[in-house]
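Let me begin by presenting the structure, written as structure tokens, before commenting on it.
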2 protein chains.
Amino acid sequence: MSSYKDKKVITIGIVHELTGISERKIRYYEQRELIFPDRTKNGTRKYSFSDVERLTEIADMREEGVQTYEIKKDMKNKKKYKDVREDMLRGQLNAHFRMRK
Amino acid sequence: MSSYKDKKVITIGIVHELTGISERKIRYYEQRELIFPDRTKNGTRKYSFSDVERLTEIADMREEGVQTYEIKKDMKNKKKYKDVREDMLRGQLNAHFRMRK
DNA sequence: CGTGTAAGGAATTCTGACACG
DNA sequence: CGTGTAAGGAATTCTGACACG
């Protein structure tokens, strides 16, 4: 659902420049599965602008004392609600088409 | 007039991955003033998605045999026409407001 | 748990130059 | 003119580990 925003092309040093978040933290959040960079053929991490935004969100939550474990649970919840919304939409569409038949 | 597209965050190696254009060529087109990357504090070149698109345009023109000098002239022409269009627009606006006074 | 840091190696990038055509 | 390549150095990135709290 996008183009530039989700293209993974930014190296970790520049992500750090952009966000002020230490490379150590950025790598750690990946280890905790909060963020999922691509890799170049030689193993260098590549991030998208979306990842950069996500990282600032994570950093904000961490500053509020939220643990990485909770942040990850939050992600799942958001995904679940998103799926629920999509299911509901599908249901409505199905009902709609059933009526038209 | 943009955000992600013009943000200079992509290193030369990734630009090469993205376009297939050799780093030598990319640097050379900068020397000929066809492209203008930013630099990190330590001198590493940083390109935007716009730059990447511009580079593929340049590469296409080069394949057709157009010399860098001509490509540069083309840029100036495009800029001139753009300026002319903007001047005309300004002229129309001015005329419009004069009439309303 | 979350993050800093020193360690060692591998890959990246940079510049100036020589080559060829 | 446009581009490849080897050269040497500096900066980047990676991983695994130790430290502290």
Closest to the A/K25 side chain, choosing from C/dC14, C/dG4, D/dT15:
C/dG4
Would you say B/N42 reaches D/dT12's phosphate, i.e. side-chain N/O to OP1/OP2 under 4.0 Å?
yes
Could you go over nucleotides 16-19 of chain C and give all protein N or O partners under 3.5 Å, atom names and distances?
none

Nearest to side-chain heavy atoms of A/I12, which nucleotide of D/dC14, D/dG4, C/dT15
D/dC14
So, OP1 or OP2 of D/dT15: does either fall under 4.0 Å of a side-chain N or O from A/R39?
yes
Please report, rounded to the nearest Å, how far the P atom of C/dT13 is from the CD1 atom of B/I26.
10 Å
Toward the 5' end of DNA chain C, which comes first, A/R32 or B/K46, by nearest nucleotide?
A/R32
Would you say B/T11 reaches C/dT13's phosphate, i.e. side-chain N/O to OP1/OP2 under 4.0 Å?
yes
Contact check, residues 61-70 of chain A vs DNA chain C, heavy-atom distance under 4.0 Å, returns A/R62, A/Q67, A/T68
Atom CD of A/E30 and atom C1' of D/dT15 are separated, to the nearest Å, by 12 Å
Residue B/R27, side-chain heavy atoms: nucleotide from D/dT15, C/dT3, C/dC14 that is nearest
C/dC14
For B/Q31 and C/dC14, give me the distance from atom CD to atom P, rounded to whole Å.
14 Å
Ignoring backbone atoms, test whether B/R45 places a side-chain nitrogen or oxygen under 4.0 Å from the OP1 or OP2 oxygen of C/dT13.
no
Name the atoms and distances for all side-chain donor-acceptor pairs under 3.5 Å in residues 57-69 of chain A, with sequence neighbours left out.
{"from": "A/R62", "atom 1": "NH1", "to": "A/V66", "atom 2": "O", "distance (Å)": "2.7"}
{"from": "A/T68", "atom 1": "OG1", "to": "A/R32", "atom 2": "NH1", "distance (Å)": "3.0"}

Scan A/S22 against the nucleic acid and name what it touches under 4.0 Å (heavy atoms): base, sugar-phosphate only, or nothing.
sugar-phosphate
Quick one: is A/Y29 getting a side-chain N or O under 4.0 Å of the C/dT3 phosphate, OP1 or OP2?
yes
Using whole Å, what does the distance between atom P of nucleotide C/dA11 and atom CD1 of B/I14 come to?
16 Å
Starting at atom NZ of B/K41, determine the distance to atom C1' of C/dC14, rounded to an integer number of angstrom.
15 Å
Compare side-chain N and O positions of B/Y28 against OP1 and OP2 of D/dT3 and report whether any pair is under 4.0 Å apart.
no
